[in-house]
Amino acid sequence: MRQILRWTISILAAFLIVLAVRTFAFAVYKVPKTSLLKNGDRVIVDKLARTDFKRNDLIVFGDSVKLLGRIEALPGDTITVGKDKFVIPTVCCRKCRCKNCHEYLINTGSGRLLVPYHNINGKAYRLFNLPF
């Protein structure tokens, strides 16, 4: 009886550790159809890497629907749309009041979006592609 209790506690502890790591540190996502990578690719998201974003970093962002995109422009960069020039804002909003809150121009594969820092879930790294 004691051995069954020990096994149950061990399995429960392992489950809680895996749940905590998946919730707060890493997550695996399947790439949506309209994305930069191939449909069926899997990416691992490092939720702890939320600073020092650079151009061409792959990120996952969004609240309810998670999207994958690549950073094209950083805060303060000037972009040209047609004949007009725009500057990416260096302050995204007054909502989060943090000193690192910036907006980034993200290419999602189906368009470009300005994404505030507080909507970014973390950096993504390509894992593998499933052929089916």
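Side chains included, hydrogens not; waters and symmetry mates left out as well; all remaining heavy atoms used.
Residues Ile88 and Val115 fall into different hydrophobic clusters, defined by Ile, Leu, Val, Met, Phe, Trp and Tyr side chains chained together at heavy-atom separations under 4.5 Å. Linking ILVMFWY side-chain heavy atoms closer than 4.5 Å, directly or via other members, places Leu48 and Ile44 in two distinct hydrophobic clusters. Leu114 and Phe61 are not part of a single hydrophobic cluster, where members link through side-chain heavy atoms under 4.5 Å apart. Side-chain heavy atoms closer than 4.5 Å link hydrophobic residues (I, L, V, M, F, W, Y) into clusters, and following such links, even through other members, never connects Leu105 to Phe53.
Atom CG of Leu19 and atom CZ of Phe24 lie 8.0 Å apart (nearest 0.5 Å). Distance OG1/Thr108 to CG/Leu113: 5.0 Å, rounded to 0.5 Å. To the nearest 0.5 Å, atoms CD1 (Ile120) and CG (Leu67) are separated by 12.0 Å.
The side chain to side chain contact (heavy atoms under 4.5 Å, CB included) test with Leu74 singles out one residue from His102, Arg55, Glu103, and that residue is Arg55.
Pairing each heavy atom of Ala27 with each of Lys47, the nearest pair is CB-CE, 3.8 Å. Of all heavy-atom pairs between Lys66 and Asp63, the closest is NZ-O, 2.9 Å. What you find for Leu68 and Ala124 is that their closest heavy atoms are CD1-CB, 3.9 Å. Contact record, Arg112 with Asn107: CG-CA, 4.3 Å, taken as the closest heavy-atom pair. Of all the heavy atoms in Ala73 and Ile79, the pair that sits closest is CB-CG2, 3.9 Å. Closest of all the heavy-atom pairs between Lys85 and Thr78 is CB-CG2, 4.0 Å.
Asp46 meets the side-chain hydrogen bond (donor to acceptor under 3.5 Å, both in side chains) test with no other residue; sequence neighbours excluded.
Sorted by first and then second residue, the side chain to side chain donor-acceptor pair (under 3.5 Å) pairs involving residues 1-17 (not counting sequence neighbours) form an empty list.
Residue Leu16 places its CG atom among more than 12 non-hydrogen atoms of other residues, nucleotides or ligands, all under 6.0 Å distant.
In this structure, Asn119 contributes its side chain and Pro116 its backbone to no donor-acceptor pair below 3.5 Å.
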